Structure formats: C-alpha cells, structure tokens
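Just below is one structure, and these are the notes that go with it.
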Amino acid sequence: MIDGTPRAAQPARLVVLISGRGRNLDAIIRAIESGLLDARIELVACNRINAEGLRIARLAGLRTAAIDPKAFADRESFDLALGNRIAAAAPDWVVLAGYMRILSSAFVQRFADRLVNIHPSLLPRYKGLDTHARALANGDARHGASVHFVTPDLDAGPLIRQGSIAVDRGDSHETLADRLMQRVEQRLYPAALADLVDGRVVYRQGRVWRDERIQEQCPHVDYDTSVDE
Ligand code: GRF
C-alpha cells in the first residue's frame with residue numbers, strides 16, 4: 001500500500017466491458033470466487049447483444065447490459081449512453097476485457113484514472129489488431145500480453161504488468177493465441193487487478209507508482225516457468 005493513498009472500500013467495485021468470448025471475464029470471476037481478487041463485478045457491459053461472454057456473465061449471476069451501437073447515431077452518443085450505465089454502477093475500476101470497440105476520447109477522459117485494458121502483445125510492440133500473426137511473421141522468440149491504463153492513444157497507456165510465453169516452432173496464430181490466453185492472459189489480468197484493488201499499484205498524474213516509486217520497469221512474468229500466479 002502506497003503512503004497517502006486513500007484505499008477504496010473493499011471489495012472493489014468493477015465494471016467489466018466485453019465484446020466476445022469472455023475468457024478474461026471468466027478468469028476474473030474465478031479469481032474473485034477463489035479469494036485472489038478482493039472485488040465484486042457490479043456490471044458486465046457489452047456492445048454485441050449475442051456475445052458468448054454475456055452467457056458467462058449471466059451464468060455467474062452478474063448484472064449485464066448489452067447495448068447495440070446500431071441504435072445510436074454516432075460513437076459519441078453510444079459512448080455517452082454506455083458511460084451513463086457504467087457510472088450508475090459506481091465502479092472503482094472499469095475493466096476492458098476483450099472490448100473491441102474504439103473508445104471516444106470523452107469516454108476515456110470520463111473514466112481516465114480507473115480505466116484498464118489487456119492487450120495481447122508485449123507493448124509497445126504490436127498495437128492494434130492481429131498481434132499473434134504479427135509476432136509470428138516477425139519471428140519473435142517470445143510473445144505476451146500487457147495490462148495497462150487506458151489513455152486516448154490506442155494501446156499506449158502506462159503499463160501495469162506484462163507476461164510472456166515462448167513461441168513454438170509449429171505455432172499457428174490460433175495455437176499461439178489460445179496458449180497466450182490460457183497461460184498468460186487469464187493469470188495476468190487477475191494479478192494486475194489485484195495490484196490495483198490492494199493498492200500496490202497507484203496511477204497518479206499519468207504515471208504508474210509501485211512500492212512508493214515511479215515504476216521504471218513494468219513487472220514481467222515468464223509464464224513458461226512461473227507457477228505462482
Ligand atoms: C483477448 O486476447 C484480449 O487480450 C483482447 O481480446 C481478446 C478477448 O478475449 N483484447 P476474451 O473475450 O476475453 O475471450
């Protein structure tokens with residue numbers, strides 16, 4: 001816990017935003033159930049009304065909001081409506097977990113100090129889409145994922161944690177993506193969220209602080225060898 005930082009009431013209130021399969025959401029739910037993450041999911045919001053992740057949320061008894069962008073004139077009005085649903089849930093943290101829609105800068109500013117994302121690459125490498133295929137095409141020996149604060153610049157916010165695995169000779173982008181999800185993302189995101197809700201990591205004046213120091217280097221876990229997370 002960093003001195004002088006008011007600790008939010010526990011368990012921390014999370015709103016999770018998804019678009020697809022919800023495997024990161026599932027990992028967060030399991031981390032809460034097992035006591036690794038002292039949090040409660042107040043709302044799961046989704047921009048695709050038939051997303052598989054919504055089923056996971058409902059099975060876990062979570063409140064959901066599926067909001068269809070087609071019902072809105074533009075990105076700003078959709079993001080305003082989404083933001084209002086989120087704000088009504090009074091979250092400590094807004095957690096992007098495979099949320100595949102670009103956020104307007106007004107939305108990012110509204111939740112700026114409590115908005116986090118997981119991106120499937122070792123940022124600053126491979127911002128944007130097709131990260132697994134790009135890592136393979138580049139012949140990378142390792143591939144990973146990054147949890148970071150969200151700023152208006154896509155996939156460029158300050159890093160909280162990273163984790164990686166070795167790329168295998170026979171990997172396709174599908175096998176690499178699946179292994180990264182299971183071995184890295186589903187462990188990395190709950191661990192990074194625990195850093196935040198337990199106050200080990202603080203975001204202040206656009207910088208990440210860990211252990212009372214500005215974090216010069218982001219903690220990086222090798223998930224080929226790590227067994228503790
Ligand atoms: C993950 O690879 C995540 O890093 C990326 O989108 C994917 C979402 O998967 N942003 P899921 O919906 O959590 O299964």
Side-chain angles (χ1 to χ4, degrees), residues 16-25 27-28 93-105 107-108 111-196 200-203 205-210 213-229:
V16 182
L17 268 58
I18 62 169
S19 298
R21 292 169 65 179
R23 292 161 297 173
N24 277 300
L25 168 67
I28 294 166
W93 299 102
V94 179
V95 178
L96 306 180
Y99 185 69
M100 300 304 284
R101 202 177 143 80
I102 303 266
L103 294 166
S104 60
S105 54
F107 182 97
V108 173
F111 299 104
D113 50 347
R114 49 191 162 138
L115 185 58
V116 294
N117 182 43
I118 187 162
H119 181 75
S121 80
L122 291 171
L123 291 171
R125 278 190 188 178
Y126 314 133
K127 295 172 183 171
L129 298 174
D130 301 325
T131 57
H132 316 297
R134 288 156 71 196
L136 284 175
N138 199 42
D140 292 355
R142 299 193 69 79
H143 184 45
S146 308
V147 179
H148 64 95
F149 287 99
V150 175
T151 59
D153 293 336
L154 185 70
D155 300 328
L159 296 170
I160 301 168
R161 267 181 187 245
Q162 292 184 310
S164 67
I165 46 172
V167 177
D168 289 344
R169 205 181 276 264
D171 266 328
S172 64
H173 65 89
E174 289 95 348
T175 61
L176 185 55
D178 283 349
R179 204 162 69 258
L180 188 72
M181 172 58 68
Q182 284 167 26
R183 291 224 201 133
V184 180
E185 294 195 49
Q186 292 190 315
R187 294 148 90 189
L188 184 73
Y189 216 178
L193 292 172
D195 278 348
L196 297 174
R200 281 186 296 278
V201 168
V202 169
Y203 187 42
Q205 291 156 350
R207 306 184 87 160
V208 175
W209 296 67
R210 181 184 286 271
R213 285 188 299 270
I214 290 175
Q215 185 174 304
E216 301 291 349
Q217 273 197 325
C218 168
H220 184 132
V221 177
D222 174 344
Y223 281 102
D224 293 312
T225 54
S226 160
V227 286
D228 62 345
E229 290 184 309

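This structure is a prediction, so every number in the text was calculated from the model and none was measured. Values below: all heavy atoms of this structure, side chains included; hydrogens, waters and symmetry mates excluded.
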Within the 4.5 Å heavy-atom criterion, are [X] and [Y] side-chain neighbours or not?
| X | Y | value |
| --- | --- | --- |
| F111 | V150 | no |
| V147 | E185 | no |
| R114 | L196 | no |
| V116 | L193 | yes |
| P158 | T151 | yes |
| I18 | N24 | no |
| R210 | P219 | yes |

Those residues that, when tested against [X], pass ring pair (Phe, Tyr, Trp, His ring centres under 6.0 Å) (two or more places apart):
| X | result |
| --- | --- |
| H143 | H132 |
| H119 | none |
| Y126 | none |
| Y189 | none |

Kindly give the heavy-atom pair with the smallest separation between [X] and [Y], and that separation in Å.
| X | Y | result |
| --- | --- | --- |
| S164 | H220 | OG-NE2, 2.8 Å |
| L159 | V208 | O-CG2, 3.7 Å |
| L154 | G128 | CD2-CA, 4.3 Å |
| A145 | L188 | O-CD2, 3.5 Å |

statement: In short, ring pair (Phe, Tyr, Trp, His ring centres under 6.0 Å) pairs touching residues 144-176 with sequence neighbours left out are F149-Y203

- request: Take N117 and D155 through the side-chain contact (heavy atoms from CB on, under 4.5 Å) test and state the conclusion after the steps.
  value: CA-CA 8 Å; N117 182 43; D155 300 328; 3.8 Å; yes

The criterion is side chain to side chain donor-acceptor pair (under 3.5 Å); which residues satisfy it with [X], sequence neighbours excluded?
| X | result |
| --- | --- |
| D178 | none |
| Q162 | S146 |
| D113 | none |
| R101 | none |

query: How long is the gap from CD1 on I160 to CD on Q215, to the nearest 0.5 Å?
result: 8.5 Å

query: Hey, what do you get for CG (L25) to CZ (R23), rounding to the nearest 0.5 Å?
result: 11.5 Å

- prompt: Partners of R179 by salt bridge (Lys or Arg N to Asp or Glu O under 4.0 Å), sequence neighbours excluded?
  reply: D168, D171

- prompt: Restricting to pairs with a member in residues 121-132, which pass salt bridge (charged side-chain N to carboxylate O under 4.0 Å, His left out), not counting sequence neighbours?
  reply: R125-D140

task: Return the set of residues passing side-chain contact (heavy atoms from CB on, under 4.5 Å) with I214 (not counting sequence neighbours), or none when no residue passes.
output: R207, W209

message: Please evaluate residues R183 and D224 with respect to the criterion side-chain contact (heavy atoms from CB on, under 4.5 Å), reporting the C-alpha separation (whole Å), side-chain torsions for both, the decisive distance (0.1 Å), and the verdict.
response: CA-CA 8 Å; R183 291 224 201 133; D224 293 312; 3.3 Å; yes

